[in-house]
Amino acid sequence: QVQLTESGGGLVQPGGSLRLSCAASGSRNAMAWFRQAPGKERDFVAAIRWNGGYTYYADSVKGRFTLSGDKASNSIYLQMNTLKPEDTAIYYCAAGRTILSAIRTPGGYDSWGQGTPVTVSA
């Protein structure tokens, strides 16, 4: 496992923006963001595979969220624009030796951050 440190969550009005950051203590071939709203399962948001720099998004955030990363520092960033109340959740950073077929599933990752809360409300 690697240690993951997240930052950037907070309270924002609908239509606003936030940027989440995650730094890993070591390297893995993939890093991702998941989110979990109260009473719901942990859902995939976005992921990056370092080999090739490919990014993947959930349909619900495509066009609004942008995932970027710095392989040298094992860091990823999630720029979230046009936020909606339904984006409210705890956002978790994940890292793993993840195969492509598992890129969107929590079980594909072996390391998790503590989570950072995002609240979208007027």
Side-chain angles (χ1 to χ4, degrees):
Q1 291 187 346
V2 296
Q3 301 297 315
L4 301 174
T5 304
E6 303 134 328
S7 62
L11 172 65
V12 64
Q13 293 186 342
S17 298
L18 281 175
R19 186 174 187 252
L20 305 183
S21 300
C22 175
S25 62
S27 63
R28 286 292 187 266
N29 70 303
M31 293 182 69
W33 288 98
F34 287 77
R35 65 187 181 186
Q36 189 166 17
K40 295 189 176 181
E41 294 184 348
R42 191 167 295 190
D43 291 332
F44 171 76
V45 176
I48 186 168
R49 287 198 298 151
W50 294 123
N51 186 10
Y54 297 104
T55 55
Y56 309 85
Y57 295 94
D59 287 343
S60 59
V61 307
K62 203 172 292 184
R64 299 188 298 122
F65 291 10
T66 302
L67 180 64
S68 60
D70 178 13
K71 185 178 179 181
S73 63
N74 298 309
S75 298
I76 59 172
Y77 311 96
L78 186 67
Q79 178 66 42
M80 305 186 294
N81 298 329
T82 319
L83 282 160
K84 305 175 181 180
E86 51 263 45
D87 294 317
T88 295
I90 305 294
Y91 283 69
Y92 295 92
C93 180
R97 297 184 178 95
T98 311
I99 59 175
L100 181 57
S101 61
I103 201 80
R104 298 171 184 266
T105 62
Y109 300 85
D110 62 9
S111 303
W112 292 86
Q114 294 297 311
T116 184
V118 171
T119 303
V120 184
S121 174

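Values below: all heavy atoms of this structure, side chains included; hydrogens, waters and symmetry mates excluded.
The structure places CD1 of I48 at 12.5 Å from OG1 of T98, a figure rounded to the nearest 0.5 Å. Here the OH atom belonging to Y92 is positioned 15.5 Å from the OG atom belonging to S111, to the nearest 0.5 angstrom. Atom-to-atom distance recorded for K71:NZ and R49:CZ is 11.5 Å, nearest 0.5 angstrom.
Of all non-hydrogen atoms in D70 and S73, the two that sit nearest each other are OD2-OG, 2.9 Å. Minimum interatomic distance between I90 and P117 (heavy atoms only, all atoms of both residues): CD1-CB, 3.6 Å. Between G8 and L18, the shortest heavy-atom distance links the atoms O-CD2, 3.9 Å. When all heavy atoms of P14 and S121 are compared, the pair lying nearest together is CD-C, 3.6 Å. Scanning both residues, G96 and D110, for their nearest heavy atoms gives CA-OD1, 3.7 Å. Of all heavy-atom pairs spanning G9 and L20, the tightest one is N-CD2, 3.6 Å.
Inter-residue side-chain proximity for R19 and S17 is flagged as unmet; no heavy-atom pair is nearer than 4.5 Å. At least one side-chain heavy atom of S60 sits less than 4.5 Å from a side-chain heavy atom of R35. The side-chain heavy atoms of Y57 and T66, taken from C-beta on, include a pair separated by under 4.5 Å. Looking at V61 and L78, their side chains never come closer than 4.5 Å, going by heavy atoms from C-beta outward. Proximity of M31 to W50: side-chain heavy atoms (C-beta onward) are separated by under 4.5 Å at one or more points. When side chains are defined from C-beta on, W33 does not count as touching M80, because their heavy atoms never get closer than 4.5 Å.
Under the 4.5 Å side-chain contact rule for hydrophobic residues, V12 and V45 share a cluster. Both L100 and Y54 are part of a single hydrophobic cluster, where members link through side-chain heavy atoms under 4.5 Å apart.
A cation-pi contact, defined as under 6.0 Å to the ring centre and within 45° of the axis, is absent between R104 and Y56.
For the pair T82 (side chain) and R64 (backbone), a donor-acceptor distance under 3.5 Å is absent. Under the 3.5 Å distance criterion, the side-chain polar atoms of N74 are left unmatched by any main-chain donor or acceptor of S25. Under a 3.5 Å cut-off, the side chain of Y91 and the backbone N or O of E6 do not form any donor-acceptor pair. T88 places a side-chain N or O within 3.5 Å of a backbone atom of V120 that can act as its donor or acceptor partner.
At most 12 non-hydrogen atoms from other residues, nucleotides or ligands lie less than 6.0 angstrom from CD of E41. Within 6.0 Å of CD in Q79 there are more than 12 heavy atoms belonging to other residues, nucleotides or ligands. Around atom CG of N51, no more than 12 heavy atoms belonging to other residues, nucleotides or ligands sit under 6.0 Å away.
Taking the charged nitrogens against the carboxylate oxygens, D87 and K84 have no contact shorter than 4.0 Å, which rules out a salt bridge.
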Original post:
What's the verdict on ring pair (Phe, Tyr, Trp, His ring centres under 6.0 Å) for Y109 and F34, showing C-alpha distance, side-chain angles and the deciding distance?
Top reply: CA-CA 11 Å; Y109 300 85; F34 287 77; 5.5 Å; yes
